[in-house]
Amino acid sequence: MIQSLKSNLYSQERLKFGMYSNDSKRRNAMNAINELLTEHEAVRTTLRIIETIGQDIERTGKISNPDHVEQLLEFFTTFVDRCHHGKEEELLFPALEKVGISREGGPVGVMLEEHQRGRNLVSKMKNEFARYRNGDGGATEKFKRHADDYIALLDFYIDKENKVLFPLAINHLPESDLSEMKHGFDQIESEKIGVGTHERFHQMLSELGNIYLQ
């Protein structure tokens, strides 16, 4: 679904990294790693949207359209954490550990720690948003602070994965692992996201992007 947002992203990243050792590995990588890279671009779109909403909060002291914030929080919970992070935690990270890329003191451990930090910040945003909807106008300040922290965390996290972790995966994972990974990704999407959810998120990104990013 979100593939259409940045259709040429992966070819650009591949040229920048010089990732591949053979054509077969390249084809499998484009199926698995490209999926994660393209999802990163969708996530960054939502970060820019909530950043704009935060700027509006700073000007007005209120959340002008709470329904939009609710949609974004659902995206962060369902797509970012359950789907995208689920693919990494259940498939990519264990595969990297198998080839000697360590968890403790290594890049996998750092990414896992940042996944948890992201979950904590989304939980805090949800708490402050619920307070706001229940009539506590002062909750907007804390909501914006947690949103800013989440934006900074994910922007840095995405850069690290795109420029460090994903090239490691391409260069070190066996071809069979890359192929199996894509099948596993499809299963995670089916089980954790459900039919039609990607399309709904795609529509949300398009609509909110037209409102906040023009």
Side-chain angles (χ1 to χ4, degrees), residues 2-3 5-6 8-22 24-48 75-124 146-189 192-193:
I2 296 174
Q3 301 278 352
L5 291 174
K6 291 281 182 179
N8 68 340
L9 167 70
Y10 193 60
S11 59
Q12 295 171 353
E13 296 293 335
R14 177 168 57 87
L15 289 171
K16 181 166 63 178
F17 297 142
M19 286 180 175
Y20 305 114
S21 58
N22 58 63
S24 178
K25 196 168 188 177
R26 178 181 61 83
R27 285 193 296 271
N28 285 327
M30 287 180 70
N31 283 331
I33 303 303
N34 181 40
E35 189 165 313
L36 298 176
L37 281 162
T38 309
E39 289 175 2
H40 278 175
E41 290 305 301
V43 174
R44 275 196 155 139
T45 298
T46 61
L47 296 180
R48 302 289 74 80
F75 182 89
F76 297 147
T77 299
T78 302
F79 183 81
V80 176
D81 192 29
R82 200 178 303 158
C83 181
H84 181 78
H85 291 169
K87 291 174 183 177
E88 294 179 338
E89 292 179 5
E90 293 184 28
L91 296 168
L92 176 62
F93 294 170
L96 290 171
E97 288 184 78
K98 278 171 55 180
V99 296
I101 297 171
S102 62
R103 175 188 297 243
E104 297 302 324
V108 171
V110 171
M111 296 299 105
L112 286 168
E113 181 181 332
E114 293 186 355
H115 284 186
Q116 189 56 51
R117 287 179 59 200
R119 290 181 188 112
N120 293 342
L121 287 168
V122 170
S123 178
K124 290 177 180 179
H146 299 320
D148 288 344
D149 288 344
Y150 187 72
I151 292 164
L153 173 70
L154 262 67
D155 272 334
F156 190 42
Y157 160 88
I158 287 171
D159 277 342
K160 286 187 288 187
E161 285 204 331
N162 287 359
K163 296 175 182 179
V164 178
L165 198 73
F166 292 167
L168 282 174
I170 296 301
N171 286 323
H172 293 284
L173 290 180
E175 182 180 329
S176 58
D177 285 5
L178 292 168
S179 181
E180 289 174 10
M181 195 175 297
K182 179 59 175 72
H183 295 301
F185 285 179
D186 293 343
Q187 185 175 358
I188 285 173
E189 288 198 9
K192 297 197 174 186
I193 299 300

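Remember, predicted model here, so these are calculated numbers, not experimental data. Note that these values count all heavy atoms, side chains included, but never hydrogens, waters or copies made by symmetry.
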Where [X] and [Y] come nearest, the two heavy atoms and their spacing:
{"X": "Val110", "Y": "Lys160", "value": "CG1-NZ, 3.8 Å"}
{"X": "Leu153", "Y": "Gly118", "value": "CD2-N, 3.4 Å"}
{"X": "Ile188", "Y": "Gly86", "value": "CD1-O, 3.8 Å"}
{"X": "Cys83", "Y": "Ile193", "value": "CB-CD1, 3.2 Å"}
{"X": "Asn162", "Y": "His40", "value": "OD1-ND1, 2.7 Å"}
{"X": "Arg48", "Y": "Ile151", "value": "NH2-CG2, 3.3 Å"}

Approximate separation, where rounding is to 0.5 Å, of [X] [atom1] and [Y] [atom2]:
{"X": "Thr38", "Y": "Asn34", "atom1": "OG1", "atom2": "CG", "value": "4.0 Å"}
{"X": "Leu47", "Y": "Asp148", "atom1": "CG", "atom2": "CG", "value": "11.0 Å"}
{"X": "Glu180", "Y": "Leu91", "atom1": "CD", "atom2": "CG", "value": "9.5 Å"}
{"X": "Met181", "Y": "Lys87", "atom1": "CE", "atom2": "NZ", "value": "11.5 Å"}
{"X": "Leu165", "Y": "Ile158", "atom1": "CG", "atom2": "CD1", "value": "13.0 Å"}

(request) Say whether, by atom type as modelled, one donor and one acceptor occur between the side chain of Arg44 and the main chain of Asp155 under 3.5 angstrom. (result)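 Here the side-chain-to-backbone pair exists.
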(message) Looking at Ser179 and Glu175, would you say the former's side chain and the latter's main chain have a donor-acceptor pair under 3.5 Å?
(response)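 Not confirmed, Ser179 side chain does not pair with Glu175 backbone.
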(request) State plainly whether the residues Lys192 and Asp81 are in salt-bridge range, i.e. N to O under 4.0 Å. (result)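 Salt bridge absent between Lys192 and Asp81.
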(request) Identify whether the distance between the nearest side-chain nitrogen and carboxylate oxygen of Glu89 and Arg119 falls below 4.0 Å. (result)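 Arg119 and Glu89: salt-bridged.
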Contact check, side chains of [X] and [Y], non-hydrogen atoms, under 4.5 Å:
{"X": "Val122", "Y": "Val80", "value": "no"}
{"X": "Glu161", "Y": "Leu36", "value": "no"}
{"X": "Gln116", "Y": "Glu113", "value": "no"}
{"X": "Val43", "Y": "Leu154", "value": "yes"}
{"X": "Asp149", "Y": "Lys124", "value": "no"}
{"X": "Glu90", "Y": "Pro94", "value": "no"}
{"X": "Leu173", "Y": "Leu92", "value": "yes"}
{"X": "His172", "Y": "Leu96", "value": "no"}

(message) Test of understanding: with ring-ring contact (aromatic ring centres under 6.0 Å, His included), list the residues that count as partners of Tyr157, not counting sequence neighbours.
(response)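 In terms of ring-ring contact (aromatic ring centres under 6.0 Å, His included), with neighbours along the sequence ignored, Tyr157 is linked to His85, His115.
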(request) Using the test ring-ring contact (aromatic ring centres under 6.0 Å, His included), find all partners of Phe76 that sit at least two apart in sequence or belong to another chain. (result)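 If we apply the ring-ring contact (aromatic ring centres under 6.0 Å, His included) test to Phe76, skipping adjacent residues, the hits are Tyr150.
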(request) Decide whether Glu88 and His84 meet the rule of one side-chain donor and one side-chain acceptor closer than 3.5 Å. (result)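 Judged by distance alone, the side chains do pair up.
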